[in-house]
Amino acid sequence: MANRAPAKFKTMPQQDVPQGRKGKHNQVVTEILSDLDRLKAGAAMKIPLDGLVASKEKVRSALNRATRKGGRKVATASDDTYLYIWNES
């Protein structure tokens, strides 16, 4: 066997590698999903854009990833002031 250079990076057991992704939008998406669970049919959430920690586009993208992963159907709309989110049947 040929001499190999030592590894440059540390190793760890694969079972100890964190699974999933908890990005910076995790908290707001978790709160939105929780509120969507309690939302009555035919109602929409009205979230002030100035209350979001990130842009509406970033929150929408994070919410889209989470809902696809969870097999949920959610719709969104927005105007200059609010982000609207509701469950689709």
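Predicted, not measured: the structure shown is a model, and the values here were computed from it. The analysis underlying the following values was restricted to heavy atoms, covering all of them including side chains, and did not include hydrogens, waters or symmetry mates.
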Report yes if some heavy atom in the side chain of [X] is under 4.5 Å from a heavy atom in the side chain of [Y]; otherwise report no.
{"X": "M45", "Y": "I32", "answer": "yes"}
{"X": "T81", "Y": "L49", "answer": "no"}
{"X": "S61", "Y": "N64", "answer": "no"}
{"X": "V28", "Y": "H25", "answer": "yes"}
{"X": "L36", "Y": "R72", "answer": "yes"}

E88/V74 under side chain to side chain contact (heavy atoms under 4.5 Å, CB included): CA gap, chis, key distance, verdict: CA-CA 5 Å; E88 284 197 326; V74 172; over 6 Å; no
Check: N26 main-chain N/O paired with T30 side-chain donor or acceptor under 3.5 Å: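 Looks like yes, one N/O pair under 3.5 Å.
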K46 to Y84 six-membered ring, cation-pi geometry met (6.0 Å, 45°):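 No, a cation-pi geometry is absent between K46 and Y84.
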Side chains of R60 and S55, donor plus acceptor under 3.5 Å: no
For the atom pair [atom1] ([X]) and [atom2] ([Y]), what is the distance rounded to the nearest 0.5 Å?
{"X": "L39", "Y": "S34", "atom1": "CG", "atom2": "OG", "value": "11.5 Å"}
{"X": "M12", "Y": "Q14", "atom1": "CE", "atom2": "CD", "value": "10.0 Å"}
{"X": "K40", "Y": "N87", "atom1": "NZ", "atom2": "CG", "value": "14.0 Å"}
{"X": "D50", "Y": "Y82", "atom1": "CG", "atom2": "OH", "value": "8.0 Å"}
{"X": "I85", "Y": "I47", "atom1": "CD1", "atom2": "CD1", "value": "3.5 Å"}

Trace of the side chain to side chain contact (heavy atoms under 4.5 Å, CB included) decision for T67 with L33: CA-CA 8 Å; T67 55; L33 291 175; 3.9 Å; yes
Over 12 foreign heavy atoms within 6.0 Å of CG, D80: no
CD/Q27: more than 12 non-hydrogen atoms of other groups inside 6.0 Å: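 Open.
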Nearest atoms (heavy-atom pairs only) where V29 meets A62: CG2-CB, 3.7 Å
